[in-house]
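Here's the structure we're looking at; comments come further down.
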Amino acid sequence: MDDFVTALGGKSGNFQGKFDYVLTHSYGHILQLKEPQEMVSEDKKTRYSSWRSLKYFPWDENDFSWAKRIVPGRSKTLKEIRDAAKDCDGIIIATDDDPSGEGDLLGWEIVNAIHWKKAVYRIRFEDQAPKSIIAAMKRMVNVTNQMEQGEYLEALARQRFDLLSMQLSRIAMIYAKKAGYKPKTMRIGRLKSAIVGLIFDRNTEIENYVKKPYFEVKFKDQNGNLFSRKFDPDKDQFRYSVRQQAKTDLADYVASSIVIDEKKLKQQTPPPLVDLGQIGILVGAKGYKDKEIIKTYQDMYQAQIVSYPRTEDTQVTLEQFNELLPLVDQIANVIGVDSKLLTRRKPRAKFITSQAAHGANRPGVKVPKSLEQLEKRFGKIGVEIYQVVAKSYLAMLAEDYVYEAQKAHLAKYPDFRASIQLPKAMNYKLIFDDRDLSEEDEATAHEFKDMAQPFVYEGANPKPGKPTKKFILNYLKKHNIGTGATRLQTLAEISSGKGSLAALIRGGYVLNYEGQVQAILSKGSMIASPKITKRLFDGMDRVKRKELDYQLIPQSMQTIVRHDMPIFENNATSLDKNATLQKLASKHQTKTINKKVVAGEKVTGDFNGEQISFNQTWGGHKFTKKEVADLLAGKKIRISYCSKKGTDKIVSGKLAKQTYKGRSFYGFKPEF
DNA sequence: GCAAGGTC
């Protein structure tokens with residue numbers, strides 16, 4: 001709103017002699033759809049609250065009133081808008097120009113919630129520069145009839161489509177239970193299922209990987225540069241599965257001199273500015289959790305230390321570029337980058353766009369005094385975030401990375417070739433090294449030597465890589481699922497807290513019991529396919545252009561559900577056959593049993609002069625009255641219990657004060 | 001119990 005105050009000349013006033021205005025703001029969604037069972041008539045409540053019977057699916061979208069409720073904590077904002085609009089003749093919904101129509105949706109949600117009956121107008125600004133805001137004001141259109149406004153309808157269609165996808169979680173739960181599995185919950189949706197499916201596929205590939213070593217003659221110079229022949233499995237026969245065969249081959253080769261064929265100087269421009277997903281990758285690599293990163297970035301944005309987090313832009317406008325230009329030396333100084341490297345201070349086409357609402361993630365207009373000051377306010381994680389964002393931005397102002405590409409072959413055996421890249425001038429790479437963002441490792445390069453020696457090289461079919469954060473975010477980016485921010489957000493949601501489906505273990509995501517069950521059930525379904533988002537977006541685009549009735553999009557969820565139900569049903573027969581799930585299932589069962597024990601009956605009594613209570617059951621064994629008395633007396637007792645592996649065992653132990661997750665309690669302490 | 005979208 002501050003940008004509007006600046007552009008229009010005050011919080012209220014007159015716009016170019018045309019009309020009086022008063023400014024007020026909103027943020028995010030002020031309203032959200034009610035729960036399914038709250039949006040249907042009384043007689044249908046059973047159907048739409050059920051998690052039990054398949055007969056209730058697919059849902060009929062015509063049964064829904066699509067009523068909304070205020071998001072907890074947002075009623076104050078709604079009241080402020082209602083009060084500000086009281087004496088006005090019209091409301092102008094003003095947001096950036098987002099192709100998904102989300103701004104129209106959240107604007108209309110408010111307008112409808114305050115029962116506004118007068119005119120509604122719409123403006124979309126390209127960026128927050130005063131002249132862009134004025135230009136947007138001049139393009140104002142009357143949109144009073146909301147059901148005629150394509151952008152509103154496409155977003156409404158998306159919202160209803162996504163809500164209806166909820167039913168697939170219930171369907172999956174029913175099939176899981178039928179097959180004898182008891183996940184706490186299922187979380188199936190086009191975003192979460194795409195991620196879960198990707199993790200599942202990668203980990204399955206890793207489990208099924210069988211290393212197949214191969215052996216062939218290669219050459220190596222003293223710098224370790226490898227010379228090898230191009231291998232075509234259909235034609236060539238120099239690659240063997242047995243070392244001895246390659247050794248026999250080796251006898252035919254002697255050392256050879258190296259002939260350099262080509263030396264070419266090449267350049268590489270700095271990489272595009274980082275998005276929030278990439279910030280998540282780089283800061284996450286230092287050991288910080290996605291949720292912390294998102295939260296801290298948001299806090300830093302509000303303090304104007306960094307720009308808007310949830311941007312879809314990968315470039316900046318000329319205005320945004322010029323706004324930061326006078327600050328770059330100061331920024332460089334704070335993060336310890338040599339200002340002398342920042343020699344490209346004129347905008348370069350690669351990084352500049354004529355249209356960007358918020359502009360790519362970059363440092364904000366408030367430059368912190370020092371990293372120490374930044375750490376005081378936002379912690380070490382804030383320092384890491386700022387460094388990544390600032391370095392990515394400053395790299396853009398540095399010269400291209402220059403390297404020499406060399407190609408060579410062996411004088412005696414011209415089929416053996418090698419190519420290397422020799423760095424000549426690091427330039428932007430001295431500020432920001434983008435290697436950390438790519439999947440492949442770049443080998444360090446050394447000059448070719450004069451001679452190369454033959455040897456038996458051992459290779460193998462490549463092992464699939466773990467599903468890392470980098471891998472998942474890059475995949476989602478490639479399929480255009482979510483923005484940098486929502487991708488990171490969803491990944492964070494999937495891997496932590498209540499309802500989590502996976503955990504990040506040693507750099508790779510591993511599905512938990514719930515995640516594994518839902519991945520198996522939804523394998524090959526439409527909802528889990530990354531294509532579903534593409535299809536949804538295409539449909540939304542047609543709604544916006546008035547080529548498609550918006551109601552057909554929510555309706556299409558019926559087709560998806562009809563298509564996916566038999567797939568879930570068939571997949572349920574694979575649950576018992578999945579070895580990983582079987583392992584997780586036995587752990588899950590033990591956990592559930594242990595939980596019940598913890599929540600079980602307590603006994604109380606005097607222990608060392610203190611009135612205490614402790615669990616009467618341990619490891620499935622319920623202490624007898626005598627055992628309880630002995631324990632309270634501090635005596636050692638022997639009991640038979642059920643181990644975590646499910647076998648019966650004997651253990652002795654005493655009553656003792658213990659701690660669990662930082663909380664002390666009294667209970668039976670076994671002596672293993 | 002279930003989605004995905006948004007965040008002065």
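A note on names: the letters A, B, ... follow the listed sequences, proteins ahead of strands, and every chain is numbered from 1.
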Compute whether any side-chain donor of one residue and acceptor of the other, for [X] and [Y], lie under 3.5 angstrom apart.
X      : Y      : result
A:Y27  : A:R74  : yes
A:T95  : A:R122 : yes
A:Y297 : A:N361 : yes
A:H358 : A:D96  : yes

Pick base, sugar-phosphate or nothing for [X], based on heavy-atom distances below 4.0 Å to the nucleic acid.
X      : value
A:R158 : base
A:Q37  : base
A:Q167 : nothing
A:L164 : nothing
A:L191 : sugar-phosphate
A:R187 : sugar-phosphate
A:S100 : nothing
A:P309 : nothing

Taking any atom closer than 4.0 angstrom to a non-hydrogen atom of chain A, what span of DNA chain B does the protein reach, first nucleotide to last? B:dG1 to B:dC8

Using a heavy-atom distance cut-off of less than 4.0 Å, which residues of residues 522-536 of chain A contact DNA chain B? none

Positions of residues 41-80 of chain A (non-hydrogen atom under 4.0 Å from DNA chain B), listed by number: A:W51, A:R74

Which residue pairs satisfy the salt bridge (charged side-chain N to carboxylate O under 4.0 Å, His left out) criterion with at least one member in [range], sequence neighbours excluded?
range                       : value
residues 170-182 of chain A : none
residues 2-14 of chain A    : none
residues 561-570 of chain A : none

Would you verify whether the NZ or CZ of A:R310 falls within 45 degrees of the ring axis of A:Y308 while also being under 6.0 Å from that six-membered ring's centre? yes

